[in-house]
Amino acid sequence: QVQLVESGGGSVQAGGSLRLSCAASGFTSGTYSKYYMAWFRQAPGKEREGVATFSPGGSSTIYADSVKGRFTISRDNAKNMLYLQMNSLRSEDTGMYYCAASRAFGGLDTARYNYWGQGTQVTVSS
């Protein structure tokens with residue numbers, strides 16, 4: 001059974017950086033690389049929104065407009081890991097951050113992802 005566990009969240013001042021990690025398990029050998037992975041976030045009182053993912057084939061990355069130029073998504077298929085480097089953090093980046101997996105390309109659409117982690121909290125103070 002696929003399991004996703006996020007870590008790396010915390011409290012930081014505006015302008016600071018955090019690196020989130022997502023450890024994926026339960027994949028049969030060598031299949032993690034075939035899954036589309038993404039980061040989502042949910043602020044209090046708001047809907048969950050897509051933050052970053054990879055294009056079909058994984059040759060490029062896709063970001064929400066609000067994080068372009070500040071966040072970088074990456075993955076290490078050998079370690080079954082997903083990362084999100086977040087720089088120049090703003091108060092509006094505050095929220096619970098989730099990693100998600102899908103066997104098919106899902107873009108930044110929450111409805112297209114089958115597997116979700118429990119989330120890691122990011123709090124940015126101004």
Side-chain angles (χ1 to χ4, degrees):
Q1 183 174 353
V2 172
Q3 289 189 322
L4 304 173
V5 180
E6 303 92 338
S7 62
S11 296
V12 64
Q13 290 191 331
S17 298
L18 284 172
R19 188 192 194 208
L20 306 184
S21 299
C22 173
S25 62
F27 296 91
T28 54
S29 180
T31 61
Y32 170 72
S33 62
K34 298 179 181 179
Y35 279 73
Y36 287 91
M37 303 296 295
W39 286 99
F40 291 82
R41 68 184 180 187
Q42 188 167 18
K46 294 188 177 181
E47 292 187 353
R48 193 171 298 187
E49 63 175 359
V51 174
T53 188
F54 300 91
S55 64
S59 60
S60 62
T61 51
I62 301 169
Y63 297 96
D65 288 344
S66 58
V67 307
K68 282 181 182 176
R70 301 188 298 121
F71 290 12
T72 302
I73 187 172
S74 62
R75 65 190 294 170
D76 184 336
N77 290 334
K79 297 181 179 179
N80 286 13
M81 294 292 295
L82 179 72
Y83 304 101
L84 185 68
Q85 177 66 43
M86 306 187 296
N87 298 328
S88 302
L89 283 162
R90 305 168 180 169
S91 57
E92 53 264 40
D93 295 318
T94 294
M96 189 71 78
Y97 282 70
Y98 301 89
C99 68
S102 173
R103 192 60 180 87
F105 175 69
L108 295 179
D109 185 351
T110 57
R112 293 174 177 255
Y113 287 83
N114 311 102
Y115 305 101
W116 294 85
Q118 293 300 306
T120 186
Q121 178 68 37
V122 171
T123 303
V124 184
S125 58
S126 56

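Below, all heavy atoms of this structure are taken into account, side chains as well, without hydrogens, waters or symmetry copies. Note that this is a predicted model, so its numbers are computed, not measured.
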Report yes if the side chains of [X] and [Y] come closer than 4.5 Å at any heavy-atom pair, otherwise no.
X      : Y      : result
Ser21  : Met81  : yes
Thr110 : Glu47  : no
Thr120 : Ser7   : no
Tyr35  : Asn80  : no
Tyr63  : Thr72  : yes
Met86  : Val122 : yes
Ser33  : Phe27  : no

Mind listing the closest non-hydrogen atom pair of [X] and [Y] along with its distance?
X      : Y      : result
Leu82  : Cys99  : CD2-CB, 3.8 Å
Lys46  : Gln42  : O-NE2, 3.1 Å
Ser17  : Asn87  : OG-OD1, 2.9 Å
Ser126 : Ala14  : CA-CB, 4.1 Å
Tyr113 : Ser102 : CD2-CB, 3.6 Å
Cys22  : Leu4   : SG-CB, 3.9 Å

Partners meeting side-chain hydrogen bond (donor to acceptor under 3.5 Å, both in side chains) with Thr31 (sequence neighbours left out):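 Once residues adjacent in sequence are excluded, the partners of Thr31 under the side-chain hydrogen bond (donor to acceptor under 3.5 Å, both in side chains) criterion are Thr28.
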Phe40: which of Tyr115, Trp116, Tyr98, Tyr97 passes ring pair (Phe, Tyr, Trp, His ring centres under 6.0 Å):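 Going through Tyr115, Trp116, Tyr98, Tyr97 one by one, the ring pair (Phe, Tyr, Trp, His ring centres under 6.0 Å) with Phe40 is satisfied by Trp116 alone.
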Gln121, CD atom: more than 12 neighbouring heavy atoms under 6.0 Å: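 More than 12 within 6.0 Å, yes.
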Over 12 foreign heavy atoms within 6.0 Å of CD, Gln3: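 No.
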Identified side-chain hydrogen bond (donor to acceptor under 3.5 Å, both in side chains) counterpart of Ser66 within the set Glu49, Arg90, Arg41, Glu92: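 One option only clears the test, and that one is Arg41.
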Arg75 NZ/CZ over Tyr32 ring centroid, <6.0 Å and within 45° of normal: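 Judged by the rule, Arg75 and Tyr32 form a cation-pi pair.
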Face-on cation placement of Arg112 at Phe105 ring, 6.0 Å and 45° thresholds: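 No, Arg112 does not lie over the aromatic ring of Phe105.
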Donor-acceptor pair, side chain of Thr53 and main chain of Met37, under 3.5 angstrom: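 Side chain of Thr53 to backbone of Met37: a pair is present.
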Thr94 backbone acceptor or donor facing Thr123 side chain under 3.5 Å: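 Absent.
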Criterion side-chain contact (heavy atoms from CB on, under 4.5 Å) on Glu6 and Leu20, from CA distance to verdict: CA-CA 7 Å; Glu6 303 92 338; Leu20 306 184; over 6 Å; no
Presence of salt bridge, Lys68 and Asp65, under 4.0 angstrom: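 Lys68 and Asp65: salt-bridged.
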Atom pair CG/OG of Leu89 and Ser11 - distance to nearest 0.5 Å: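 Leu89 atom CG to Ser11 atom OG measures 11.5 Å (nearest 0.5 Å).
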Same apolar cluster: Val12 and Leu84, side chain cutoff 4.5 Å: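 As far as the 4.5 Å side-chain criterion goes, Leu84 and Val12 are connected within one cluster.
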Same apolar cluster (I L V M F W Y, side chains within < 4.5 Å links), Leu18/Val67: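 Per the 4.5 Å side-chain linkage, Leu18 and Val67 are co-clustered.
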